[in-house]
Amino acid sequence: MYIYFFETLLYLSFAITAGYLVLEFIPSGIKPEVLIPVRVIQLTAIGIPLFSFASIVRTSIILMDFAPQMSFAEVLLIVLNDYSFGRAWIMSFILGSALFMVISFNGLKHKSSKWVAAGIWSCLVLVHGYASHPAALSKTWGLLAQTIHVGAVSVWLGILILVAWFRKGNWNWKAFTRWYTPLSISSMTLIVIAGFVMMSIIIEVGYINSWGINYGEALLLKHLLFIPLILLAFMNGFLTKLYANGQNERRLQSWLRAESFVAFFILITTAFMGIQEPPHETESEEPVPSPLFKLLHNDLNDLSLQWHWNMVGALCVAMGLISFLLLFAAYRNKMGLFTACTAAAVIFPFLGLLQSVS
């Protein structure tokens, strides 16, 4: 379980660092006043290599089962020297340390230091992409897709987190949304395109067939979480202009935090996926059905899945669609109602779709 925790912190570190760097380039008159302790940015900068080290430790522990005569230190050195993701971590540690020093010693007071920091961060994302599952399966498209995916998520989510949780002064809401809304739309577009590319690389067994294993179920859950996130981002970006033009600061900040919470659950799901065995890698052996799939289908072991609609599945999907439509009304009411509708709009279709294949 510890690996999921560190993987989630890794993605948060990428996001917070990216948000901080982007806001450093934006003039003060067109962004909210954000006050974030420098120590937090330092921790997220060095946290990128530190949190990614957990996967190196995990791999070393697994390999020790095949080499019981070797010490943990010996196996760790083999992983760092002989595996591509091990060598990538060494580069990540060097880059993360450099970013930490630039932020610590200069404080990004000069424009040149901002560009240096942004360049180092971009290299960190590239190295992370190089060490990913998609890049291992497709050196060019996998590397590009993973790098663009992580980069776009980090820029969009990082700004959101800083504004939602560290805003301490003026909103400058009108000016902020003029550039952040197009940035968000562009980021979302890149996220979706890169996501489809990675799916085509990793999931060769087919999207529906992957629902019988942990990786495919997590991917389905991630996609379902993405729908209310897009809706909430739309409402925060556009409906606030119609209702209060961003003047109700406490309410607006609460909804931005709600958006960041939904995004956080997506990060947790992504971290879980990163540790699971992708369906592409199970081609040479029989895939193992997940415990949830066995529970829903009475220990069904054949994962050549097809649509098989039934009353329970259709009812769950219908309840999810109703809950999704209620989100518009819930947005203008209490946060508790919106939270309940969001949970229902994700959980019911998730269980309904899994119930509708066999």
Side-chain angles (χ1 to χ4, degrees), residues 12-45 102-103 106-119 121-122 151-191 228-264 266-267 327-328 331-335 338:
L12 277 177
S13 296
F14 270 119
I16 293 175
T17 309
Y20 177 77
L21 292 174
V22 171
L23 289 177
E24 282 294 307
F25 284 95
I26 305 299
S28 58
I30 58 173
K31 65 180 179 182
E33 293 184 20
V34 173
L35 182 61
I36 180 170
V38 177
R39 186 174 298 275
V40 173
I41 304 302
Q42 292 171 333
L43 289 175
T44 56
V102 171
I103 293 173
N106 189 277
L108 304 185
K109 295 179 181 178
H110 303 292
K111 190 173 183 179
S112 59
S113 62
K114 296 177 184 178
W115 283 108
V116 170
W121 181 88
S122 300
V153 169
S154 299
V155 169
W156 158 72
L157 179 58
I159 297 173
L160 172 65
I161 291 174
L162 295 187
V163 172
W165 295 94
F166 296 97
R167 201 270 315 173
K168 297 297 182 182
N170 294 328
W171 271 106
N172 296 321
W173 185 249
K174 276 187 178 180
F176 172 62
T177 54
R178 285 194 189 103
W179 65 266
Y180 182 63
T181 299
L183 176 65
S184 299
I185 294 173
S186 301
S187 297
M188 292 290 185
T189 303
L190 290 174
I191 291 168
L229 177 65
I230 292 292
L231 178 62
L232 189 53
F234 166 77
M235 291 188 290
N236 285 337
F238 290 99
L239 295 189
T240 52
K241 297 179 182 179
L242 300 178
Y243 296 155
N245 200 24
Q247 298 303 311
N248 191 339
E249 297 184 358
R250 179 176 296 181
R251 173 184 170 84
L252 181 57
Q253 192 153 15
S254 296
W255 284 113
L256 290 177
R257 289 179 176 180
E259 185 180 344
S260 69
F261 267 121
V262 178
F264 180 69
I266 293 179
L267 292 186
L327 290 175
F328 289 96
Y331 184 77
R332 299 197 64 180
N333 293 285
K334 294 183 178 180
M335 182 75 70
F338 188 91

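Predicted model only: the values in this text are computed from it and were never measured. Below, each value reflects all heavy atoms present in this structure, side chains not excepted, and no hydrogens, waters or symmetry copies.
- Heavy atoms from other residues, nucleotides or ligands lying under 6.0 Å from CH2 of Trp179 number more than 12.
- Taken from CG in Leu327 to CE in Met235, the straight-line distance is 6.0 Å, to the nearest 0.5 Å.
- Residue pairs meeting the side-chain hydrogen bond (donor to acceptor under 3.5 Å, both in side chains) criterion with at least one member in residues 35-44, sequence neighbours excluded, are Thr17-Thr44, Gln42-Ser104.
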Show me the donor-acceptor pairs within less than 3.5 Å that the side chains of residues 182-191 make with the rest of the protein, sequence neighbours left out.
residue	atom	partner	partner atom	Å
Ser184	OG	Tyr180	O	2.9
Ser186	OG	Pro182	O	2.9
Ser187	OG	Leu183	O	2.9
Thr189	OG1	Ile185	O	2.8

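- In this structure, Ser28 and Asn172 approach most closely via the heavy-atom pair O-ND2, 3.4 Å.
- Counting heavy atoms from C-beta on, the side chains of Leu267 and Leu157 come closer than 4.5 Å.
- Rounded to the nearest 0.5 Å, atoms CZ (Phe176) and CD1 (Ile159) are 6.5 Å apart.
- At least one side-chain heavy atom of Trp171 sits under 4.5 Å from a side-chain heavy atom of Val163.
- Interatomic distance, CD1 of Ile161 versus CG of Leu12, reported as 5.5 Å (0.5 Å rounding).
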Show me, pair by pair, the donor-acceptor contacts under 3.5 angstrom made by side chains of residues 30-37, not counting sequence neighbours?
residue	atom	partner	partner atom	Å
Lys31	NZ	Leu23	O	2.5
Lys31	NZ	Ile26	O	3.1
Glu33	OE2	Asn170	ND2	3.3

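- In terms of modelled atom types and a separation under 3.5 Å, the side chain of Thr181 and the main chain of Arg178 share no donor-acceptor contact.
- Here the CD atom belonging to Glu259 is positioned 5.5 Å from the CG atom belonging to Leu229, to the nearest 0.5 angstrom.
- A 4.5 Å side-chain heavy-atom check between Leu232 and Phe261 finds every atom pair outside the cut-off.
- The two residues Phe25 and Ala118 have their closest heavy-atom pair at CE1-CB, 4.2 Å.
- Ala117 approaches Val102 most closely through the heavy-atom pair CB-CG1, 4.2 Å.
- Distance check, rounded to the nearest 0.5 Å: CE of Met335 to CH2 of Trp255 gives 4.5 Å.
- Summarising the geometry, atom CZ belonging to Phe328 is positioned 9.0 Å from atom CZ belonging to Phe338; distances are rounded to the nearest 0.5 Å.
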